[in-house]
Amino acid sequence: MRRSSAPSALRNKNPAPILPSSRPKNVPKIPTSVDELDGGSIGGCDTNKRSASRILSLLGANEAPGNGNSSSAKVDQIDFKDTGAAADEKRIFEAVYRKMQTKKHKTWEGDGTVEVSGRSVVLKDENGKEMGRISKVKDDVVLEEGTQLVIGGKEVEFLGLLSRVASAVQEKRKPDASFAQNQPARKRFQLNREDDKNEEWYLEMPKPNHSHQSAFNPHGLPINTVTVDGFLARHLRPHQRDGVTFMFQCLMGMTGDEPGKFHGLLLADEMGLGKTIQCIALIWTLMKQNVYGRDPAIRRVLIVTPSSLVKNWDREIIHWLKIHRLRVFVVGDQKLKDYGTTRQDPVVICSYEALVRNIERVSQLRWDLMICDEAHKIKNPNTKTSQELRRVPCKHKILLTGSPCQNNMMEYFELLDFANPGVLGTRKEFSAQFASPIERSNLADSSEDEKELGKERKEELLKLTAPFVLGRPAEINLKYLPPKQDLIVFCAPSPLQEELYKSALGFFWGDDDVWREMDIATVNRNALGAITSLRQVCSHPSLLKVRPDDAENDLGRLRQFLQQELREGEATCDFIEMSGKLTVVAGILGFLHEANREKMLRNQRGQTDRVLIVSYFVETLNVLQKMCELQHFSFSRIDGQVPSRDRMKIVTDFNNPNSSTFVMLLSAKAGGTGLNLDGASRVILFDLDWNPASDAQSLARVWRGRQKRPVITYRLLTSGSIEEKIFQRQIQKTGNDLSKNSKSGLKFTKQELKDLFSYNPEMSGTNLTHSILNCDCACDGKNVASNQKNLLAGDQEDKLECRFPHINELALWKHITSDNFEQQLLDDLNVTFASGVISFIFGSELLFQG
Ligand SMILES: Nc1ncnc2c1ncn2[C@@H]1O[C@H](COP(=O)(O)OP(=O)(O)OP(=O)(O)O)[C@@H](O)[C@H]1O
Ligand SMILES: [Mg+2]
């Protein structure tokens with residue numbers, strides 16, 4: 001039995017109240033006389049409809065749950081209005097009940113069931129004991145999910161429909177009285193759940209085998225049939241059904257060669273595959289059912305997530321479970337330190353930062369399940385977050401991330417070791433056995449033997465981790481979402497950018513003799529700052545800023561020198577035209593803006609395109625914002641300065657199909673992971689990270705969820721510059737090479753730096769990256785099939801790698817130079833292509849299917 005505040009009153013500060021103290025005028029009030037009690041409704045159909053519309057409005061959309069297509073919307077209508085019952089049919093609803101109360105903040109007293117046969121209803125507690133009945137409920141009261149009635153002096157709210165059976169069948173199956181008294185409520189429903197088996201959404205969890213039973217059921221408790229409730233199961237896509245089943249088996253100790261070996265798991269499905277709904281379905285199932293006996297498998301769940309996603313989890317739970325089914329303690333709305341004193345909600349959602357701040361409180365409590373979202377955050381065992389998370393007393397753990405292996409395999413080890421401590425041995429053992437040979441085999445210069453060994457170890461590791469790791473590729477979403485096209489767009493630098501870039505190289509690195517003289521420590525000390533300056537030139541020269549102490553060192557003098565050049569050049573330049581990439585962005589936006597205007601005039605609001613622009617730098621977002629202001633494009637913006645609690649509102653407003661916001665400016669660091677920004681249909685990644693996994697995360701924000709429009713992603717690179725060099729390192733992905741280039745551990749050899757700091761202006765009719773593909777195509781977007789034969793060996797489906805256009809894959813994309821642009825259908829790029837600002841494009845296969 002649970003005691004709680006009324007769930008509906010607690011989930012939102014200003015909910016439309018269902019309960020009597022503040023009920024709107026047209027809703028019947030709680031009956032007070034005996035006459036009114038029998039068969040009196042305290043809400044019934046109206047309340048239910050309002051409750052449904054409240055949930056929908058909380059969700060910020062006038063849509064039923066589902067992916068927004070008409071069939072899922074229909075399913076939900078059935079959910080809410082499914083009141084028709086054959087005369088001889090018995091329906092059993094889950095329910096919550098409480099004493100009649102006049103308090104403002106009401107609390108539920110217990111869980112039970114309501115059995116409905118015709119117009120008669122029977123309330124039972126969770127042990128199956130009758131608490132009250134009404135033999136004839138008034139005809140105008142609809143008996144359905146959400147109905148509120150007074151039965152046996154208790155206020156009762158009907159929750160989900162558990163089963164529906166013909167009375168005759170029910171009679172036949174009716175267990176004897178002692179069974180009914182002694183067995184758990186769930187066990188009895190199980191008989192009725194048999195009937196759901198005919199439904200196409202029916203989802204039953206695997207049963208334990210004999211060795212599991214002898215290990216975990218020594219007293220011979222009944223073995224239950226655990227099923228995912230229909231209101232959830234009917235929304236799950238096939239891969240999500242498999243995911244829930246896998247997680248259930250793993251956490252219940254049914255995977256692996258011995259029962260109970262694994263308590264934690266890693267769900268590494270790629271971005272947008274719905275890791276959240278799978279977890280919600282699992283939590284709900286385990287909170288209500290168990291493999292053996294009557295107690296639920298789990299009672300208390302801690303969900304830890306980046307702060308920008310706390311509200312997102314809350315909304316997804318509301319979306320899929322409806323507001324009244326589960327009480328959630330959202331840290332941010334409430335303080336974690338208060339948890340357990342005033343409230344004991346079964347689910348807590350908090351950010352990694354809040355968890356670290358409140359670790360003392362959290363570690364005093366017992367948690368049955370901890371879910372760590374975007375778990376790559378804890379890949380480094382030396383961070384405070386990783387260390388504090390290990391202190392949380394919790395048996396079962398689920399780690400979620402679309403990029404489990406961002407830089408090197410030791411990060412992968414950290415995640416798996418966190419989920420199941422010790423199963424992969426020590427760090428040292430793992431490194432020797434798996435990480436080193438596998439990473440070595442990935443290097444371009446590895447020998448045949450090394451490749452062979454790496455392959456063997458990879459297979460061994462996959463086998464070892466299969467019982468607790470699951471990851472599926474994002475392509476699955478092709479079945480549910482409109483097509484997506486990926487473009488890598490090379491932009492020619494503006495004359496000013498080119499001048500500044502050459503000056504920067506000449507100032508610092510131009511003289512080969514100087515280069516050779518410099519010791520490697522000095523080189524590396526200056527490298528990061530110099531790289532930053534070059535990247536600023538590539539994004540927009542106005543980003544170059546002088547710092548107060550710049551007179552004191554070479555790097556500072558470089559900045560002063562560039563600033564001087566900039567001042568001279570800038571006077572004659574238009575702000576947008578100062579940057580090749582910004583010119584392309586303005587071109588794309590200008591085209592789409594105009595196209596949208598025409599669509600609106602033709603009343604085709606649903607077909608307009610809105611744009612997400614992502615950058616890793618706040619200053620660059622300022623430049624993009626200025627461009628929007630100059631062009632009068634409406635925009636919103638999320639960066640680290642926007643408080644977490646405000647971010648969800650900005651996201652919801654932007655995703656609203658009726659939103660008039662054309663552009664969303666997003667900081668990759670503040671919102672690049674986890675967020676759903678499916679209100680946009682275009683993503684422009686304005687700059688890039690050393691780590692391809694970060695770029696892939698940012699690009700995945702739009703092709704997901706309720707996306708209705710074809711999606712195009714554009715990655716912008718300045719041709720011939722350091723951006724192109726970084727990109728080449730991404731696609732060539734030489735083992736753990738990239739991991740060195742984090743801010744904290746930047747280390748280059750002189751040769752690497754020499755390459756990074758060389759400038760390769762446009763080669764006529766082709767492109768630097770194209771030249772490393774050994775491709776002999778005409779760069780007209782056709783005929784790259786011959787590249788098949790050039791492909792290096794490599795398994796692109798390999799889940800140990802971050803999936804990103806590898807050089808092999810890029811060889812098969814469409815290659816287009818500016819000479820051939822008019823053969824393409826990319827209207828929004830034509831203007832800038834025509835004017836020569838775009839010099840080259842790689843386009844993924846889907847580009848030309850539409
Ligand atoms: N079965 C489904 N039907 C309709 N919508 C779905 C379904 N599954 C997921 N979605 C929607 O797809 C979007 C993406 O899901 P989710 O945020 O869980 O992805 P994810 O796997 O966590 O991705 P990421 O790794 O980027 O965080 C959400 O808006 C979610 O509501
Ligand atoms: Mg997610």
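As the structure is a computational prediction, the values presented were derived from the model and not from experiment. For ligands, and for the atoms within them, numbers begin at 1 and follow the listed sequence.
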Task: Arg701 neighbourhood, listing ligand 1 atoms whose heavy-atom distance to it stays under 4.0 Å - done: 26 (O)
- [ ] Please confirm whether Ile277 comes within less than 3.5 Å of ligand 1 when only nitrogen or oxygen atoms on both sides are compared.
- [x] no
TODO: Under 4.0 Å from a heavy atom of Asn676: give me the atoms of ligand 1 that qualify, with their elements.
DONE: 13 (C), 14 (C), 17 (O), 28 (C), 29 (O)
Task: Close approach of Leu273 to ligand 1, heavy atoms, under 4.0 angstrom - done: yes
TODO: Provide the number and element of each atom of ligand 1 under 4.0 Å from a heavy atom of Glu374.
DONE: 27 (O)
Open item on the list: How close do Pro306 and Ser351 get, counting heavy atoms only, and between which atoms?
Closed with: C-CB, 4.5 Å
Open item on the list: Gln697 versus ligand 1: do any nitrogen or oxygen atoms come within less than 3.5 Å of each other?
Closed with: no
Task: Numbered atoms and elements of ligand 1 in range of Arg704, under 4.0 angstrom, heavy atoms - done: 14 (C), 16 (P), 17 (O), 19 (O), 23 (O), 24 (P), 26 (O), 27 (O)
TODO: Using the test ring-ring contact (aromatic ring centres under 6.0 Å, His included), find all partners of Phe468 that sit at least two apart in sequence or belong to another chain.
DONE: Phe262
Open item on the list: If the cut-off is 4.0 Å to any non-hydrogen atom of Thr276, which atoms of ligand 1 fall inside it?
Closed with: 16 (P), 17 (O), 18 (O), 22 (O)
TODO: Report yes if some N/O of Leu236 lies less than 3.5 Å from some N/O of ligand 1; otherwise report no.
DONE: no
Open item on the list: Salt bridge check, Arg390 against Glu414: does any charged N sit closer than 4.0 Å to a carboxylate O?
Closed with: yes
Task: Option set Trp313, Tyr480, Trp320, criterion heavy-atom distance to atom 10 (N) of ligand 1, minimum - done: Trp320
- [ ] Using the test side chain to side chain contact (heavy atoms under 4.5 Å, CB included), find all partners of Thr245 that sit at least two apart in sequence or belong to another chain.
- [x] Leu203, Met205, Pro206, Gln249
Task: Nearest neighbour of atom 25 (O) of ligand 1 from the list Lys275, His319, His239, on a heavy-atom basis - done: Lys275
Task: Pair Ser615, Asp687: side-chain N/O donor-acceptor within cut-off below 3.5 Å - done: yes
Open item on the list: Check for me whether the distance between the ring centres of Trp367 and Tyr339 falls short of 6.0 Å.
Closed with: yes
Open item on the list: Out of all atoms in ligand 1, which are within 4.0 Å of some heavy atom of Gly705? Include the element for each.
Closed with: 11 (C), 12 (O), 13 (C), 29 (O)
- [ ] Look at Lys311 together with Asp333 and state whether they make a salt bridge at an N to O cut-off of under 4.0 Å.
- [x] yes
TODO: Enumerate the atoms of ligand 1 whose separation from the nearest heavy atom of His235 is less than 4.0 angstrom.
DONE: 1 (N), 2 (C)
Task: Ala700 touching ligand 1 at heavy-atom level, < 4.0 angstrom - done: no
Task: Option from Lys275, Gln240, Gln278 for which side-chain hydrogen bond (donor to acceptor under 3.5 Å, both in side chains) with Asp269 holds - done: Gln278
- [ ] Below 4.0 angstrom from a heavy atom of Arg706, which ligand 1 atoms are there? Numbered from 1 as shown, please.
- [x] 29 (O), 31 (O)
Task: Pair Lys395 + Asp368, salt bridge at N-O below 4.0 Å - done: no
- [ ] Identify whether the distance between the nearest side-chain nitrogen and carboxylate oxygen of Asp229 and Arg234 falls below 4.0 Å.
- [x] no
